[in-house]
Amino acid sequence: MIIKNRNLNLKQIAESGQTFRWYPHSEGYVIVANHEVIYARQLEDGIEIDSEDPYWLDYFDLERDYQDIINHYKGKDVFLDEAMAYGWGVRILKQDPFEIIVSFIISANNNIKRITSAMEKISHYGTYLKTIEGKDYYDFPSPEDLIQVTVDDYRLCGLGYRDKYLHQLIQDITSGNIDPYAIKDLSDKELKETLLRLKGVGEKVANCIVLFGYDRSDGFPIDTWIKKVLDKKYGVTKNETDFIKNYFDYYPGIIQQYLFFYGRFIKI
DNA sequence: GGCCAGGTGAAAC
DNA sequence: GTTTCACATGGC
């Protein structure tokens, strides 16, 4: 189906550091989500995907008007204007909470290429879905699929010292200690507190998880790039969260994506 | 070849 | 409460 939208750019989303299961293919991307493998390609004023499932409309967060958000912040400062102009097609995908938790536990003190590679290897523990031009695609494994996977197995997936965090996460979920799907109805505060109890989840990772996995736009992950942006462009080196809450109020999580995407691009 | 990457846990103050 | 340090590993 064709999805028309002027704030929807596949390449920008793919490179905005929120998903690690998009595979560049032909002119577009192979995307695995919703127990389904699709191919998406860019159009002039939107995208085309080879699925008719309305799930994807929600996945691409289509009911949210990103131009309205951009207009709201326009003229606030020069750097933000540049960032929004550069990242006009960035959106925040609605991704599976469990997959997001795993992704961002792996993301700590890591780089995007390695995170992508680790997620690809872990996906082989999931159900085989489809082969496209010789490459096999797998559904992302459920916690149950990972019960028997050992710390050493995770190490072989390239997780480094984070191997034991993922192993612990699976124990926590399968033992009923935490249910990544049941906690979606918690308040912003309770949700974050719950996530912070997980090993390998600190302030920054928790913010990524609530923003990318639970549709909480108050999430504002402060990573190395955002730190540089705040320091060099806003003169903020301490009490960052207070500054963010005041200055970027309205849709802070989406603004954070524009700043991250642009700041990383210009190697600020 | 040292530094960096979408930082966190644990020990030490 | 905050400061300090170790931590796997591929890319540059």
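In the text below, chain A, chain B and the rest are named by the order of the sequence lines, each starting its count at 1. Everything numeric in this text was worked out from a predicted model, so none of it was measured.
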Just wondering, more than 12 heavy atoms not from [X] lying within 6.0 Å of its [atom1]?
X     : atom1 : result
A/K11 : NZ    : no
A/E63 : CD    : yes
A/K76 : NZ    : yes

Practice prompt. With a 4.0 Å heavy-atom cut-off, tell me which residues in residues 145-175 of chain A come close to DNA chain B, sorted by residue number.
Written response: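 The answer is A/Y161, A/Y165.
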Practice prompt. Could you identify which residues of residues 193-211 of chain A place a heavy atom less than 4.0 Å from some atom of DNA chain B, listed by residue number, or say none?
Written response: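 Hits under 4.0 Å, by residue number: A/L198, A/K199, A/G200, A/V201, A/G202, A/E203, A/K204, A/V205.
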Worksheet item: Remaining members of A/L43's ILVMFWY cluster at a side-chain heavy-atom cut-off under 4.5 Å?
Response: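 In the cluster with A/L43 are A/I2.
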Item to complete: List in numerical order all residues of residues 91-125 of chain A for which some heavy atom is under 4.0 Å away from an atom belonging to DNA chain C.
Response: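 Those residues are A/N109, A/N111, A/K113, A/R114.
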Worksheet item: What about A/L93 and A/V30, same hydrophobic cluster or not, with Ile/Leu/Val/Met/Phe/Trp/Tyr joined at side-chain heavy-atom distances under 4.5 Å?
Response: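 No, because A/L93 and A/V30 fall into different hydrophobic clusters, even though each may have its own neighbours under 4.5 Å.
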Worksheet item: Under 30°, 30 to 60°, or over 60°: which ring-plane class applies to A/Y262 and A/Y86, parallel, tilted or perpendicular?
Response: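 If you compare the ring of A/Y262 with that of A/Y86, the planes turn out tilted.
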Worksheet item: Hey, what's the ring geometry for A/Y247 with A/F243, parallel, tilted or perpendicular (30° and 60° as the breaks)?
Response: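 Ring orientation, 0 to 90° scale: parallel.
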What nucleic acid atoms does [X] come within less than 4.0 Å of, heavy atoms only: base, sugar-phosphate, or nothing?
X      : result
A/T19  : nothing
A/K227 : nothing
A/F212 : base

Item to complete: Using the C1' atom on both, measure C/dT3 against B/dA5 and round to a whole Å.
Response: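 Rounded to whole Å, the distance is 22 Å.
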Discussion item. Taking B/dG1 as the reference, what is the distance to C/dA8 when you measure between their P atoms (whole Å, please)?
Written reply: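 Here C/dA8 and B/dG1 have their P atoms 23 Å from each other.
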Worksheet item: Quick one: side chain to side chain donor-acceptor pair (under 3.5 Å) partners of A/K189, sequence neighbours excluded?
Response: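 Listed in chain order: A/E193.
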Worksheet entry | Residue list, side chain to side chain donor-acceptor pair (under 3.5 Å) with A/Y59, at least two apart or on another chain |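 For A/Y59 the side chain to side chain donor-acceptor pair (under 3.5 Å) partners, ignoring immediate neighbours, are A/W22.
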Tabulate atom names and distances for all N/O pairs under 3.5 angstrom spanning the protein and nucleotides 11-13 of chain B.
none

Practice prompt. Using a strict 4.0 Å threshold on nitrogen-to-oxygen distance, state whether A/D61 and A/R64 make a salt bridge.
Written response: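 A salt bridge is present here (some side-chain N lies under 4.0 Å from a carboxylate O).
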Can you check nucleotides 3-5 of chain C for protein contacts, nitrogen or oxygen pairs under 3.5 Å, and list what you find?
none

Distance in angstrom units between [X] [atom1] and [N] [atom2], rounded:
X      : N     : atom1 : atom2 : answer
A/K267 : B/dC3 : NZ    : C1'   : 15 Å
A/I226 : B/dG7 : CD1   : P     : 11 Å
A/K228 : B/dC3 : NZ    : C1'   : 11 Å
A/R264 : B/dA5 : CZ    : P     : 10 Å

Under the ring-ring contact (aromatic ring centres under 6.0 Å, His included) rule, collect the residues that match up with [X], sequence neighbours excluded.
X      : answer
A/F104 : A/F20, A/F212
A/Y125 : none
A/F220 : A/F248

Practice prompt. Would you please test A/E36 and A/W56 for side-chain hydrogen bond (donor to acceptor under 3.5 Å, both in side chains) and show each step?
Written response: CA-CA 10 Å; A/E36 192 181 354; A/W56 296 99; 3.1 Å; yes
Worksheet item: Under the 6.0 Å and 45° cation-pi test, does A/K135 pair with A/Y23?
Response: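 Here A/K135 passes the 6.0 Å and 45° test against A/Y23.
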Discussion item. Using the side-chain contact (heavy atoms from CB on, under 4.5 Å) criterion, which residues pair with A/T131? Sequence neighbours excluded.
Written reply: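 Scan of A/T131 (side-chain contact (heavy atoms from CB on, under 4.5 Å), adjacent residues dropped) gives A/Y128, A/D136.
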